[in-house]
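What follows is a set of notes on a single structure, which appears directly below.
Computed from a predicted model, the values in this text were never measured in an experiment.
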Amino acid sequence: MSSSDPDVRFMAAALNLGRRGLGQTSPNPAVGALVVKDGVIVGRGFTQPARGPHAEAEAIRDAGNAARGATLYVTLEPCNHDHGHARACTQLIIEAGLVRVVSAIEDPDKRVAGSGHQCLRDAGLEVVAGVLAEEARRANLGHILRVTEGRPMLTLKLAQTADLYAAGADDDPRLMITGEAANAYVHVVRAMHDAILVGIGTVLADDPQMNVRLAGMDGKKLLRVVLDTHLRMPLAARLIASVHEAPVLIVAGADASVEAEARLKDAGADVMRVSSGSCGLDLSAVLKALAQRRLTRVFSEGGPRVGAALIEQGFADEVGLFTSPKRLERQGYPALSATARAILADPARYRAAEHHMIGADRLDLYHRIV
């Protein structure tokens, strides 16, 4: 499809609009919708937070009477089932008098799965599906994976020095790899997710806050998840001190101390146990448990060991690798294992999607082939 095609241009705009909801709408997908009449956008909508109205309902409401005879562009197949107290989007579309619907992809949710498109066709509307489908699958990947594989999508962020290290030796001070611009960018990306995940090694080394520190984002409360096989989480950690400001979930192994679990729970943290696996814990079980909590997007800053395991086991759907111009120039901890680097370089496993300079740091973004 050509970028000059009106359907492509309007769908691209709908995708950009839908991204406003990323990290805000779970368990609903972050959908964008536009109502277009005579080549002019007359209504805009994106999925609202806290199980609020769907994008189609918002766009139709915004368009008002101008929706009659118009085209709806939507980044995911309209739902064909009532949800909560709201009516199915297909019924709203039909009643609004829209005559054409351009949809990016079919919704794999078994409650929809093509029935939304068919309902509209049965009502006499023209339905065009598959416009910018690849882009829409990427934008809706968290929803797609949750309903098809029972896990959220996962974005992995890693930082390395120019000589490929993530940290110095054990007795070295904390290594500040990236600059202010890259650090601010990471907070923006955090805000587009439902949870942030690290390993206990990162907590012990850095005592992170794992929150979003951006102006106007005080209300964003990420679930903070720590993989802690043996429950080594210190009660003095900043995560525990701030547990009443944003929730903390500690994932432990089956054999972890019952006494340590009780202390952490008394301090306000939630503790969940899963079976053992690579990286100490069964990562598949961890992700499935997060999906059962109705999360669709998880951001991991788990460090080299967790990062390598996520890549090697096929769970890192997007990988953002920051490279600083600074060198460590001594022995340290590699940012990635040789196996993980080989997987990222394998075009059958990952696609090198974007390359940017953010301040002095280079960001290489990889997409897992799905």
Is it true that atom [atom1] of [X] has more than 12 heavy atoms of other residues, nucleotides or ligands lying nearer than 6.0 Å?
X	atom1	result
D346	CG	yes
H230	NE2	no
E126	CD	yes

State whether a side-chain donor-acceptor pair under 3.5 Å links [X] with [Y].
X	Y	answer
N28	T47	no
S26	R146	no
R362	H356	no
T323	Q160	yes
D194	T296	yes
T90	E56	no

Out of [options], which residue meets the side chain to side chain contact (heavy atoms under 4.5 Å, CB included) rule with [X]?
X	options	answer
V298	V286, T155, L290	L290
F299	L222, V186, L197, L156	V186
P247	V225, D270, L223	L223

Side-chain donor/acceptor of [X] to backbone N/O of [Y], under 3.5 Å:
X	Y	answer
R273	G253	yes
D228	M233	yes
K288	E149	yes
R351	H367	no
D107	G114	no
R100	A70	no
E77	E106	no
S324	K326	yes
D207	V203	no
R224	A195	no

Could you tabulate the donor-acceptor pairs under 3.5 Å formed by side-chain atoms of residues 116-124, not counting sequence neighbours?
unit_1: H117; atom_1: NE2; unit_2: S103; atom_2: OG; d: 2.9
unit_1: Q118; atom_1: NE2; unit_2: D122; atom_2: OD1; d: 2.8

Worksheet item: Charged N to carboxylate O below 4.0 Å: is that the case for R44 and E58?
Response: no

Worksheet entry | Lys/Arg-Asp/Glu bridge criterion (N-O < 4.0 Å) met for D7, R9 | no

Worksheet entry | Residue of the set R151, R138, R137 for which salt bridge (charged side-chain N to carboxylate O under 4.0 Å, His left out) holds with D317 | R151

Measure the spacing between [atom1] of [X] and [atom2] of [Y] and express it to the nearest 0.5 Å.
X	Y	atom1	atom2	result
L22	F46	CG	CZ	10.5 Å
L365	H355	CG	NE2	9.0 Å
I311	Y366	CD1	OH	9.5 Å
T75	L15	OG1	CG	5.5 Å
M357	L363	CE	CG	10.0 Å

Worksheet entry | Parallel, tilted or perpendicular, as decided by the 30° and 60° cut-offs, for the rings of Y73 and F10 | tilted

Discussion item. Could you report the tightest heavy-atom contact between L76 and H143, atom names first, then the distance?
Written reply: CD2-CD2, 4.0 Å

Worksheet item: Applying the 4.5 Å side-chain criterion to the ILVMFWY set and letting contacts propagate, would L72 and L34 be lumped into a single cluster?
Response: no

Discussion item. Taking M210 as the starting point, is it possible to reach L231 by hopping between hydrophobic residues whose side chains are less than 4.5 Å apart?
Written reply: yes

Worksheet item: Do P78 and I93 come within less than 4.5 Å of each other through their side chains, counting heavy atoms only?
Response: yes

Worksheet entry | Test item: L287 and F315 side chains (from C-beta on) under 4.5 Å apart, heavy atoms | yes

Worksheet item: Taking only residues two or more places apart in sequence or in another chain, which ones pass side-chain hydrogen bond (donor to acceptor under 3.5 Å, both in side chains) with R238?
Response: none

